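Just so it is clear, the model here is predicted, and its values are computed rather than measured. Side chains included, hydrogens not; waters and symmetry mates left out as well; all remaining heavy atoms used.
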Amino acid sequence: MDLLDTLTAKGLRRELPSREEALAVLATTDDELLDVVAAAGRVRRQWFGRRVKLNYLVNLKSGLCPEDCSYCSQRLGSKAEILKYTWLKPEQAAEAAAAGLAGGAKRVCLVASGRGPTDRDIDRVADTIAAIKGANEAVEVCACLGLLSDNQAERLKAAGADAYNHNLNTSEGTYGDITTTHTYADRVDTVNKAHGAGLSACSGLIAGMGESDEDLVDVVFALRELDSDSVPVNFLIPFEGTPLAKEWNLSPQRCLRILAMVRFVCPDVEVRIAGGREVHLRSMQPLGLHIANSIFLGDYLTSEGQAGQADLEMIADAGFEVEGAGQVTLPQHRADVAAAATAGHGCGPAADACGSGGGCGPCGGHGAEEVPAAVGAAAATDGAGTDEVRSDLVRVRRRGAGTELAPNA
C-alpha cells in the first residue's frame, strides 16, 4: 500500500498519520498533485459530503493594534494603508452581517483588532451578538477578539456566541520569530479557555511566512491535539508596510499540498480555506474545495476577497453545494461531543463548528482612515433571513482603494 492509500485509509478511520507521512505529503511532486488531491478528497467526502460551509467576516474594530505580529497590517508600527476605526455600533455590525447571510453564509465571524478584549469590550460584543441574532435567530456567531482573560469566554457563551477563533499561526519553535509581544503558550491558553467555556474552538495556521515543512507539520499536529472543531488555513498576503512584505513563497501547488496535509491530519474537522486563497491558489481554487469544506464569502478584514457571486458560481461549477442553515457541519460523532459540551454549560445555543481568521490572521488592504458607514440600503433589504441565496447582495461588499466604506462594514 503506497503513501496515499495509507493516508486515505487512516483518514477514513480518523487515525493520526505519522509525522513522516505528513511530511511526505508536502514533498510530493507536481506529477503526483492530482493524486494527492483525489486522496484527500475521499477523506473530505467521507465526513462532509459535497457541502461547502460559507462564513462571513465583520470587522468590528480595525487597526492600531499594540501587538507586533509580523504578518499583520494592523500591527504596531505597520505602514500598510489600511482603514483604522474604533468599534462599530451593534446595528451597523448587524446590517453588515445581513449581506453575508443573504448571500448564503451560515456563520458570522466578529473580529476586533487588539491584544485582547476588556470587560467593556465583551459587553459591546454581547450587544452586537444580540442585534445579529435578533434579526436571524439561526445564525452562528464566532468571536475573534484576541487573548482572553478569565471568565471572558464564559461571558461570550452566555451572550450567545457559538464559537471562538484564535489561531496558533505557526509552530511553537518558530513563534518567537514572528511575534514578541505575546507567546505561543498565550494562544494555546486562549483556545483552551474557549473549550472550557463550552464554545466551539476554532484555531488554524498561516502558511507562507518562511516556515519549513517541519514547522507546518508541527503546528497542524498541535492543532489536532487541541481538538479544535475548525482549522482555518490562511496563506500569507505579504502586504507592503509589514516585515513579511517580501515573503512570496507560495505556489498554487504548494497550497494544495498544505491543505491536503491538514486534511489527512485532521480528517473529520472543518478545514477552511481562509485569507489569501485568491492570491495564491488563483485559478486552482476549485481544486481546494475537493480538500477543504469551508471558505469565507467575499472580503476579509482589511483586504478584498473574491466577489461573493464568483464564490457561489465557483462552488456550483465545481459540483459542490452551499451548506444550508439546517444542516449540521460536523460529522455526527463530533457534533454529539460539541452538543454535550454546550449542554453541560447550560447557556447559549448549541454550535457545530467554528471560524475566522480575524485579528489573528492575515489582513491588509487600502482605504481612508475614518469610521465606516454601514452597508447601503440595498444590502439590508429583501432576502436577509430567508432561504434564498442572494448573490447580488453579497456583491455590494466588494470595496476598492479610495472607497468610503470599510471592506466589511
Side-chain angles (χ1 to χ4, degrees), residues 4 7-8 11 25-26 28-57 100 103-107 204-208 230-237 250-264 266-267 269-300 303-324 327 329 353 355 357 362 389-392 394-395 397-398:
L4 296 178
L7 287 168
T8 300
V25 174
L26 298 178
T28 53
T29 67
D30 287 351
D31 288 342
E32 299 168 304
L33 183 62
L34 290 181
D35 294 329
V36 172
V37 172
R42 283 192 60 195
V43 178
R44 179 244 202 269
R45 290 191 300 276
Q46 165 77 12
W47 302 115
F48 300 97
R50 302 190 70 82
R51 305 188 313 276
V52 177
K53 182 174 182 176
L54 298 181
N55 308 269
Y56 189 84
L57 279 169
K106 65 183 290 185
R107 169 155 293 192
L205 66 143
I206 306 172
S230 174
V231 176
V233 181
N234 295 281
F235 300 112
L236 177 72
I237 305 173
L250 298 171
S251 67
Q253 294 84 354
R254 171 76 168 167
C255 293
L256 289 171
R257 292 186 191 99
I258 292 169
L259 287 171
M261 186 269 288
V262 174
R263 174 57 74 197
F264 289 131
C266 305
V269 308
E270 178 188 347
V271 175
R272 180 175 306 110
I273 314 176
R277 66 176 165 92
E278 302 87 349
V279 176
H280 296 293
L281 278 168
R282 300 191 289 277
S283 63
M284 297 177 78
Q285 288 182 69
L287 283 179
L289 296 177
H290 287 270
I291 305 171
N293 62 296
S294 180
I295 63 172
F296 284 109
L297 182 69
D299 298 339
Y300 301 98
S303 62
E304 279 191 358
Q306 186 166 282
Q309 184 179 28
D311 286 333
L312 296 172
E313 291 171 352
M314 176 182 71
I315 291 167
D317 289 348
F320 294 90
E321 62 182 24
V322 173
E323 184 173 290
Q327 294 177 293
T329 300
V389 172
R390 289 291 304 277
S391 60
D392 58 317
V394 181
R395 197 190 310 184
R397 299 183 57 248
R398 191 161 175 80

Nearest atoms (heavy-atom pairs only) where Ser294 meets Arg272: OG-NE, 3.0 Å
Suppose we screen for side chain to side chain donor-acceptor pair (under 3.5 Å). Which residues come up paired with Asp317, at least two apart in sequence or across chains? none
Test Leu259 against Val37 for side chain to side chain contact (heavy atoms under 4.5 Å, CB included), laying out the working first. CA-CA 9 Å; Leu259 287 171; Val37 172; over 6 Å; no
Distance, nearest 0.5 Å, that separates NZ of Lys53 from CD of Gln327: 11.0 Å
Return the set of residues passing side chain to side chain donor-acceptor pair (under 3.5 Å) with Thr29 (not counting sequence neighbours), or none when no residue passes. Glu32
Quick one: side chain to side chain donor-acceptor pair (under 3.5 Å) partners of Thr8, sequence neighbours excluded? none
Kindly write out the residues that satisfy side chain to side chain donor-acceptor pair (under 3.5 Å) with Glu278, not counting sequence neighbours, or none if the list is empty. Tyr300
Please evaluate residues Thr329 and Lys106 with respect to the criterion side chain to side chain contact (heavy atoms under 4.5 Å, CB included), reporting the C-alpha separation (whole Å), side-chain torsions for both, the decisive distance (0.1 Å), and the verdict. CA-CA 10 Å; Thr329 300; Lys106 65 183 290 185; 3.6 Å; yes
Locate the shortest heavy-atom distance separating Ala207 from Ile258; write the atom from each residue and the value. CB-CD1, 3.7 Å
Taking side-chain contact (heavy atoms from CB on, under 4.5 Å) as the criterion, tell me which of Leu205, Leu250, Ile206 meets it with Phe235. Leu250
Give the minimum heavy-atom separation between Pro267 and Val43, together with the two atoms involved. CB-CG1, 3.6 Å
Partner residues of Ala318 under the side-chain contact (heavy atoms from CB on, under 4.5 Å) criterion, sequence neighbours left out: Pro286, Leu289, Phe320
All pairs passing salt bridge (Lys or Arg N to Asp or Glu O under 4.0 Å) where residues 41-51 contributes a residue, at least two apart: Arg51-Glu323
From CG (Leu54) to CG (Asp311), nearest 0.5 Å: 7.5 Å
If the condition is side-chain contact (heavy atoms from CB on, under 4.5 Å), which residues does Ala40 pass it with, not counting sequence neighbours? Ala260, Arg263, Phe264, Ile291
Return the minimal non-hydrogen interatomic distance between Cys266 and Val271, and the atom names on each side. O-CG2, 4.2 Å
Tell me if a side-chain donor or acceptor on Arg277 pairs with a main-chain N or O of Ala274 at a distance below 3.5 Å. no
Just by distance, do the side chain of Asn293 and the backbone of Val52 share a donor-acceptor pair under 3.5 Å? no
